[in-house]
Structures are given as C-alpha cells and as structure tokens.
Chemist: 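Okay, here's the structure, questions in a sec.
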Amino acid sequence: MKRYALVTGGSRGIGRAISARLAAAGYHVLVNYKSNEEEARKTLEMIVAAGGEGELSRFDVASPAEVSRALEEWGERNEEAYIEVLVNNAGIRRDNLLFWMTDDEWHDVMNTNLNGMFYLTRALIKYMLNKRRGRVINVVSISGMNGMAGQANYSAAKAGVIGFTRALALEAAKKKVTVNAVAPGFIDTDMTRDLNQEELKKIIPLGRFGTAAEVAGLVGFLASDEAAYITGQVISISGGL
Ligand code: NAP
C-alpha cells in the first residue's frame, strides 16, 4: 500500500531536502508551497529524477480555509489513503527589535510558524490515530529554545510549537503516533542569505553553517520505524551552538 507524507514549505531550503529524503524512503510526497511554483516544480523534478514520486500542493498554511480546502480535495481524490507523515516545516522570519516590531511582523510570524502548524496537525492527526500509525515532525529552531535578540516574534512562535509538540506527544502516544521537533541552528538556505556567515561561523562550535540535507537526514530518521520509541522530544541540529 502506498504511503503518503506531506511537507509544508517543500519548495525550497530545508523543506525541499526533507521532501527528497522522504521520497527516497519510499513515500509519495505532497510538496506544499505558498507561491513559488517554479521552485516547487524543481523539488518535484528532483524527486522524480531520483526514482521517487510526489505531487505539488499549493496552499498558505496560515489560512485555515486554504488548508481545509486543500486537504478535503486531496481526500476526495484519494479516498483510501491517508497522510502518515506530516512535516510542519513552512516558516518565515520578520526580525525586528521589540520596540519597533509592528503588528504585522508579529502576526505574520505567528500565523505561519505557529497557527499554520496547528491547522494542519489538527486536520491530519485523526487519521494517524485511527490507523495507529503516524509521525508528526515539527521544524522549530534554536531561537525557540534559547531566544534570540531581534526575534521575539519568531522565538515565541517556535517555543509555542515546542510546547504543542510535547503536549500532543502525550495525547498521541497510546495510538503509537509519535510527535517530535527538530531544532536547527544556522542552516544555509534562502532564509539565512542576509546573515553574515563569516562572523556567525565564529560562534558555532563546528565552525560552519549546516546543510538542508543534514536536517533532512534527522527528519528522515524520526519518520522511520527505527524511531518508533522517540516521542515528545526536541532534537537540536546546530553544530554544537
Ligand atoms: P526558506 O528557504 O525561506 O523556505 C521557506 C519555505 O516555506 C518555502 O518553501 C516557502 O514557500 C514556505 N512557506 C513560507 N510561508 C508559507 C506559507 N504561509 N504557506 C506555505 N508555505 C510557506 O526557509 P528554510 O531555511 O528552509 O526554513 C525552513 C524551516 O526551518 C522554517 O520553519 C524555519 O523557521 C526553520 N529554520 C531554519 C533555519 C535556517 O537557518 N535556515 C534555522 C532554524 C529553523 P514558497 O517557496 O512558496 O515561498
């Protein structure tokens, strides 16, 4: 029977690498994206070129209406199927010092990074619980564990996802569904393009930014049967930061 995984924000960066990793593990991957169709197509082409399979799924995770419409339409086209692995990866930064932070900077980050994760997980967890098989993997950040200056919105959203992860893990454990988070440090993607890598490398014990593929390796492991006894955890992948 075909197994399905959904990766939010699969068009670029960490989400693209996770999509490729899960496809290589045999999942049919729904590659979600918000607007960058060209990059999303590239992700799908990479998957297919490597012998895997998937499909594009365009919706804004921050819109409850778009999330439910997309999932309902998919469910109608795939009546017997369910999404067994959900990777909540879509995320944005809108950094500012708190006294300058606008309402939009606060709400945009909350809506995408925290509320989006809630809409998707609420919609899909029931199928995993019914089937007694499933994985929810949330991509958080070191910023949500330790806090980061200029990121009160982002740190708060990611810390919210961490609390959600721990609580849902307790709810879902009886049905053998695991819920974990991975917390990257600095990873080389579009999101960190504006940062001064040379300066930041000096504070990273391993002396470099991580790669999206390294994060994807960890997510792939958490999605696998070998990780069946890990739940409610936040695993850092940060070069020792
Ligand atoms: P990225 O390269 O900027 O890619 C962001 C992805 O999220 C894109 O696929 C984008 O889709 C999608 N996205 C953004 N808003 C969305 C929305 N409302 N609905 C659906 N998709 C949306 O980011 P990244 O570096 O790969 O980051 C991925 C995750 O890792 C994020 O949660 C981020 O907070 C976390 N993280 C990153 C780092 C790092 O150093 N890079 C460190 C810690 C944590 P479009 O292509 O359509 O815009």
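When a ligand or atom number is given, it counts from 1 through the structure's own listing order.
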Chemist: Which protein heavy atom lies closest to atom 5 (C) of ligand 1, and at what distance to 0.1 Å?
Modeler: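 Protein heavy atom with the smallest distance to atom 5 (C) of ligand 1: Gly91 O, 3.9 Å.
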
Chemist: Among Ile187, Asn32, Ile237, which residue places a heavy atom closest to atom 39 (C) of ligand 1?
Modeler: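 That would be Ile187.
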
Chemist: With backbone taken as N, CA, C and O and side chain as the heavy atoms from C-beta onward, which portion of Thr192 lies under 4.0 Å from ligand 1: side chain, backbone, both, or neither?
Modeler: side chain

Chemist: Could you tell me the residue and atom name of the protein heavy atom closest to atom 36 (N) of ligand 1, and the distance to it rounded to 0.1 Å?
Modeler: Tyr154 OH, 3.5 Å

Chemist: Are Tyr33 and Val215 joined in one hydrophobic group, where the rule is that I, L, V, M, F, W and Y side chains link up if heavy atoms are under 4.5 Å apart?
Modeler: yes

Chemist: What residue and atom, counting heavy atoms only, is the protein's closest point to atom 37 (C) of ligand 1, and at what distance?
Modeler: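 It is Ile14 CD1, 3.7 Å.
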
Chemist: What protein heavy atom sits nearest atom 38 (C) of ligand 1, and how far off is it?
Modeler: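 Looking at atom 38 (C) of ligand 1, the protein heavy atom closest to it is Gly185 O, 3.9 Å.
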
Chemist: Return a table of donor-acceptor pairs under 3.5 angstrom between the side chains of residues 229-239 and protein atoms on other chains or two or more places apart.
Modeler:
residue : atom : partner : partner atom : Å
Thr231  : OG1  : Val179  : N            : 3.0
Gln233  : NE2  : Thr231  : O            : 3.0
Ser238  : OG   : Leu241  : N            : 3.4

Chemist: Can you tell whether the side chains of Asp225 and Arg133 come within less than 4.0 Å, N to carboxylate O?
Modeler: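 Here Asp225 pairs with Arg133 in a salt bridge, since their nearest N and O are under 4.0 Å apart.
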
Chemist: Under a 4.0 Å threshold between the charged nitrogen and the carboxylate oxygen, would Glu214 count as salt-bridged to Arg208?
Modeler: yes

Chemist: Dump the intermediate steps for salt bridge (Lys or Arg N to Asp or Glu O under 4.0 Å) on Asp190 and Arg16, then the final yes or no.
Modeler: CA-CA 12 Å; Asp190 291 346; Arg16 166 179 285 166; over 6 Å; no

Chemist: Has ligand 1 got any nitrogen or oxygen that is less than 3.5 angstrom from a nitrogen or oxygen of Asp60?
Modeler: yes

Chemist: Should Tyr33 be counted as touching ligand 1, given the test is an N or O pair under 3.5 Å?
Modeler: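 Min N/O separation from ligand 1 is not below 3.5 Å for Tyr33.
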
Chemist: Can you tell me if Ser35 contacts ligand 1 (heavy atom of the residue under 4.0 Å from the ligand)?
Modeler: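 True for this residue.
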
Chemist: Any atom of ligand 1 sitting under 4.0 Å from a heavy atom of Glu37?
Modeler: no

Chemist: By the rule that ILVMFWY residues connect when side-chain heavy atoms come within less than 4.5 angstrom, directly or transitively, which residues belong alongside Ile92?
Modeler: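 Listed partners: Val109, Tyr154, Met191.
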
Chemist: Taking 4.0 Å as the limit for heavy-atom contacts, which would you say applies to Val140 with ligand 1: side chain only, backbone only, both, or neither?
Modeler: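 Backbone only.
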
Chemist: Would you mind running through ligand 1 and noting each atom that sits below 4.0 Å from a heavy atom of Gly9?
Modeler: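 This gives 6 (C), 7 (O), 9 (O), 12 (C) as the contact atoms.
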
Chemist: So, Glu38 and Arg41, do they make that salt bridge, N to O below 4.0 Å?
Modeler: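 No, Glu38 and Arg41 are not salt-bridged.
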
Chemist: Hey, does Glu39 sit under 4.0 Å from ligand 1 if you only count heavy atoms?
Modeler: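 No.
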
Chemist: For the pair Glu37 and Arg58, find out whether any cationic side-chain nitrogen is under 4.0 Å from an anionic carboxylate oxygen.
Modeler: yes

Chemist: Can you figure out which of Ala157, Ala90, Pro184 has its heavy atom closest to atom 22 (C) of ligand 1?
Modeler: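 Heavy atom nearest to atom 22 (C) of ligand 1 belongs to Ala90.
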
